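Here is the structure we will look at, set down as structure tokens.
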Amino acid sequence: MAQSGEPPRLRQYVAARARLVGSGLVVGLLLGGLGMAGWTLYTGDARSSEATVFALGALVFGVGLLGWSGSILAGNGIEAMQEHMGTRSDWTERDSRRAMARLCGGGGGIMVGTSVVAALL
């Protein structure tokens with residue numbers, strides 16, 4: 001429960017960000033669990049499957065984190081360049097940050113889903 005002095009805008013801000021990352025996390029949990037189970041059925045080796053799928057999740061998480069920071073660092077410059085060149089691209093820093101946050105959530109979800117399925121096997 002929020003404290004009485006907490007502004008409602010802060011709660012809305014946090015809720016929106018939690019939904020954004022959480023949606024990627026849920027998809028990642030499913031992908032990680034299914035990927036771990038499927039790869040184990042295919043190879044017959046649960047330890048190798050765990051390492052492989054977990055590493056892929058870490059890769060997705062890392063790409064998302066690197067892309068998110070790159071969006072922040074270069075976003076204004078890219079938007080200014082597009083405006084100067086008159087391109088009709090719809091790319092914005094905000095959209096790029098949102099996509100990378102979803103990738104981070106998805107990669108984290110893959111890692112957690114893989115670990116949960118590995119613990120159950």
Side-chain angles (χ1 to χ4, degrees):
M1 182 172 193
Q3 296 178 356
S4 61
E6 185 178 341
R9 286 182 12 163
L10 178 61
R11 277 183 274 153
Q12 292 170 347
Y13 179 83
V14 171
R17 289 345 177 243
R19 273 193 311 272
L20 177 70
V21 175
S23 65
L25 185 69
V26 168
V27 170
L29 282 169
L30 292 171
L31 287 175
L34 292 174
M36 169 68 186
W39 199 249
T40 300
L41 288 173
Y42 179 71
T43 63
D45 184 9
R47 292 195 108 158
S48 173
S49 300
E50 178 186 7
T52 302
V53 177
F54 189 91
L56 289 172
L59 179 66
V60 171
F61 180 81
V63 167
L65 189 61
L66 184 63
W68 180 78
S69 63
S71 297
I72 291 172
L73 290 173
N76 290 335
I78 293 172
E79 285 181 1
M81 177 195 65
Q82 288 177 341
E83 184 178 320
H84 177 73
M85 294 179 72
T87 62
R88 295 185 183 267
S89 172
D90 289 337
W91 187 95
T92 63
E93 175 193 358
R94 182 175 186 266
D95 290 342
S96 179
R97 283 185 289 121
R98 288 176 56 87
M100 295 304 123
R102 277 223 171 94
L103 277 179
C104 284
I110 291 171
M111 292 187 287
V112 171
T114 301
S115 299
V116 168
V117 171
L120 294 175
L121 292 177

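The shown structure was predicted, so the numbers you read here are calculated from the model rather than taken from an experiment.
- We find the CH2-CG distance between Trp68 and Leu73 to be 9.5 Å, quoted to the nearest 0.5 Å.
- Between Ser115 and Phe54, the shortest heavy-atom distance links the atoms OG-CE1, 3.7 Å.
- Through direct or relayed side-chain contacts under 4.5 Å between Ile, Leu, Val, Met, Phe, Trp and Tyr, Val26 connects to no other residue.
- For the atom pair CG (Leu56) and CE (Met36), the distance works out to 12.5 Å, reported to the nearest 0.5 Å.
- Side-chain contact between Leu120 and Val116: present, with at least one pair of heavy atoms (C-beta onward) separated by less than 4.5 Å.
- Note that the CZ atom of Arg17 and the CD atom of Gln12 stand 11.0 Å from one another [nearest 0.5 Å].
- Note: Met100 CE to Arg97 CZ = 12.0 Å, rounded to the nearest 0.5 Å.
- Considering every non-hydrogen atom in both Ser23 and Arg102, the closest pair reads OG-NE, 2.9 Å.
- Distance check, rounded to the nearest 0.5 Å: CG of Leu29 to CE of Met111 gives 11.0 Å.
- Across all non-hydrogen atoms, the minimal contact from Gly64 to Cys104 is C-SG, 3.4 Å.
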Just do the side chain to side chain contact (heavy atoms under 4.5 Å, CB included) check on Ile78 and Glu93 with the steps written out, would you? CA-CA 8 Å; Ile78 293 172; Glu93 175 193 358; over 6 Å; no

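- With a 4.5 Å cut-off between side-chain heavy atoms of Ile, Leu, Val, Met, Phe, Trp and Tyr, the cluster of Tyr42 takes in Val27, Leu31, Trp39, Val53, Ile110.
- Nearest heavy atom pair, residue Ser49 against residue Thr43, reads OG-OG1, 3.2 Å.
- With sequence neighbours left out, Ser48 forms a side chain to side chain donor-acceptor pair (under 3.5 Å) with no residue at all.
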